[in-house]
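Written below as structure tokens is the structure these notes are about.
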Protein chains: 2
Amino acid sequence: MDGLRLLPLLDGAPVERSDAARNREALLAAAQELVSRCGVEAVTMDAVAARAGVGKGTVYRRFESREGLMAALLNHSETAWQASVLSGPPPLGPGAPPLERLLAFGHSRMETNLLHGDLIQAAGHSGARAFAAVSFAAMHVRYLLNEIGVCGDIPILTTALLAPLEQVILQQQTHIEQLPLDRIRRGWDDLVRRVVTADPPDSVDVVAP
Amino acid sequence: MDGLRLLPLLDGAPVERSDAARNREALLAAAQELVSRCGVEAVTMDAVAARAGVGKGTVYRRFESREGLMAALLNHSETAWQASVLSGPPPLGPGAPPLERLLAFGHSRMETNLLHGDLIQAAGHSGARAFAAVSFAAMHVRYLLNEIGVCGDIPILTTALLAPLEQVILQQQTHIEQLPLDRIRRGWDDLVRRVVTADPPDSVDVVAP
DNA sequence: ATAGAAAGCGGACCACAGTCCGTTTAGTCC
DNA sequence: GGACTAAACGGACTGTGGTCCGCTTTCTAT
């Protein structure tokens, strides 16, 4: 008699129905295959739906938009990467001094961003990337800067360090300006060194929110 | 008898026919009006064509794509901005010491990038922006860094400084992280200070190409 | 087992970016 | 002025992202 019982367990996650889960798997698999067989371009919403044997509406129900679908695909590799940052071997993972970890972090992120270039671009500003990737990277860099003992507005400095690692920027440097990856990597090391070793600004009263 | 006479004056610009010129004007005006009356979203290729009283094909003939059209719109304000950098009053224009010019440059670019946010986004990687805007800004920053006497890989440092001024990054900071503009501005000043005042790296053998 | 309700499903449908090609027009040369 | 050519034009057409809504499936409660 009370409709409350119908609500998902204690109001937590809206529970996922079995067919929904099955379809999500199928869609991700279909998309993955399409992207690895014919490139990102070929990943058409109709194509994915057809290959997964579902209607187009279903694709949009699971993943908001095309960008959302791409973001979901990205999340797989992204998660693996996060794991290697959090618990992989040094210097990327824990164990090395924070400055070395920061340098390794930059090189690693540079590589993955270039590796998944077109996927990242196709994902655009959507979904999980704005959440997972960006905020994780920011969190980690903030943490390392704190460990190193850098003074100043850490969140802003973090953005400044992360910005040149963004796919768009790297793309520009490698594809248009034709800079060798090596040089870009040295550039990162240099940038970090400059940011980290500078004297603190006159007034340091800004605190991370 | 010789077809050479038919070629445009000494092979320079492919000469623009009068109707073509007229239509370009009309299209730009139509687009400009649409964007300022109904926002960038409303700038549909059909809408622009209709308002300008031409066919859709004509729009695509003049401006490659929607992004191209947006880039063309941007170019107007961009040109004015470039003028104020090259010959406006200090500290943005010439007359102030280079460090102050660099700081002012950042503030100014930040403002215009935020002001034309959606237009920039709609222009994407297209046409004139990749040319005019980006390369002009890069040129100017390289020049200022040289004037200041900064050592190291100037092109790479330039990219590192320019990256956090990109629209995408600023958008993220202001709209998602809700950071006040003031703080971002101070962040720029701090970043410049750190980059500029650091000791030169051990080996400085990289030269701008 | 069965009924009821919410969640999920599918594919027709719409809007818009971008293409194509037969027709028109602006210049040029005699 | 008239003929000729290359450029420009226009709008029908296509492909794809995204929406909508009537139908189906799953799950829960009895």
Side-chain angles (χ1 to χ4, degrees), chain A residues 1-27 30-31 34 38-71 121-127, chain B residues 1-9 11 13-27 30-31 34 38-71 121-127:
Chain A
M1 45 219 50
D2 62 355
L4 283 180
R5 209 62 71 75
L6 292 179
L7 288 178
L9 330 158
L10 297 168
D11 99 314
V15 245
E16 184 174 54
R17 247 168 60 170
S18 60
D19 51 348
R22 199 176 343 116
N23 282 336
R24 167 157 66 245
E25 291 304 311
L27 285 168
L34 273 179
C38 320
V40 174
E41 307 287 286
V43 182
T44 267
M45 294 311 251
D46 297 85
V48 174
R51 174 160 219 94
V54 303
K56 201 200 318 203
T58 303
V59 190
Y60 280 93
R61 171 174 302 276
R62 292 299 99 199
F63 316 89
E64 284 289 87
S65 60
R66 188 184 133 99
E67 296 195 344
L69 175 58
M70 298 308 192
Q121 237 170 333
H125 307 283
S126 172
Chain B
M1 47 223 49
D2 60 356
L4 283 181
R5 210 61 72 76
L6 292 179
L7 288 177
L9 329 159
D11 98 311
V15 247
E16 183 174 54
R17 243 166 65 168
S18 61
D19 51 349
R22 199 176 343 115
N23 281 337
R24 167 157 67 242
E25 290 303 311
L27 284 168
L34 272 180
C38 318
V40 173
E41 308 287 286
V43 182
T44 267
M45 295 309 253
D46 298 85
V48 173
R51 173 160 219 95
V54 303
K56 202 200 319 204
T58 304
V59 190
Y60 281 93
R61 171 173 304 276
R62 286 304 91 158
F63 315 90
E64 284 289 89
S65 61
R66 188 185 131 98
E67 296 195 345
L69 174 58
M70 298 307 190
Q121 237 171 331
H125 307 283
S126 171

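When reading the values below, keep in mind they use all heavy atoms of this one structure, side chains included, and skip hydrogens, waters and symmetry mates. Note on naming: letters A, B, ... go to the chains in the order of the sequence lines (proteins, then strands), and numbering restarts at 1 for each one. This is a predicted model, so every value here is computed, not measured.
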What's the closest nucleotide to the side chain of [X] if the choices are [options]?
| X | options | value |
| --- | --- | --- |
| B/S65 | C/dG18, C/dG27, D/dT26 | C/dG18 |
| A/Y60 | D/dC9, D/dT19, D/dT25 | D/dT19 |
| A/V54 | C/dG10, C/dA26, D/dG17 | C/dG10 |

Between [X] and [N], does any side-chain N or O lie under 4.0 Å from OP1 or OP2?
| X | N | value |
| --- | --- | --- |
| A/R61 | D/dT19 | no |
| B/R24 | D/dA8 | no |
| A/T58 | C/dG8 | no |

Rounding to 0.5 Å, atoms CG (A/L27) and CE (A/M45) come to a distance of 9.0 Å
Relative to the 5' end of DNA chain D, which residue comes earlier, A/T44 or B/N23, by the nucleotide with the nearest heavy atom?
B/N23
What is the distance, to the nearest angstrom, from the CD atom on B/E67 to the P atom on C/dG18?
7 Å
Grab the CE-P distance between A/M45 and C/dG10 for me, whole Å please.
14 Å
Under 3.5 Å donor-acceptor, A/R66 side chain and A/A122 backbone:
no
First encountered from the 5' end of DNA chain C, between A/D46 and A/G55
A/G55
Determine whether any donor atom in the side chain of A/R17 lies under 3.5 Å from an acceptor atom in the base of C/dA7, or the reverse, and answer yes or no.
yes
Check: B/M70 and B/F63 side chains under 4.5 Å, non-hydrogen atoms:
no
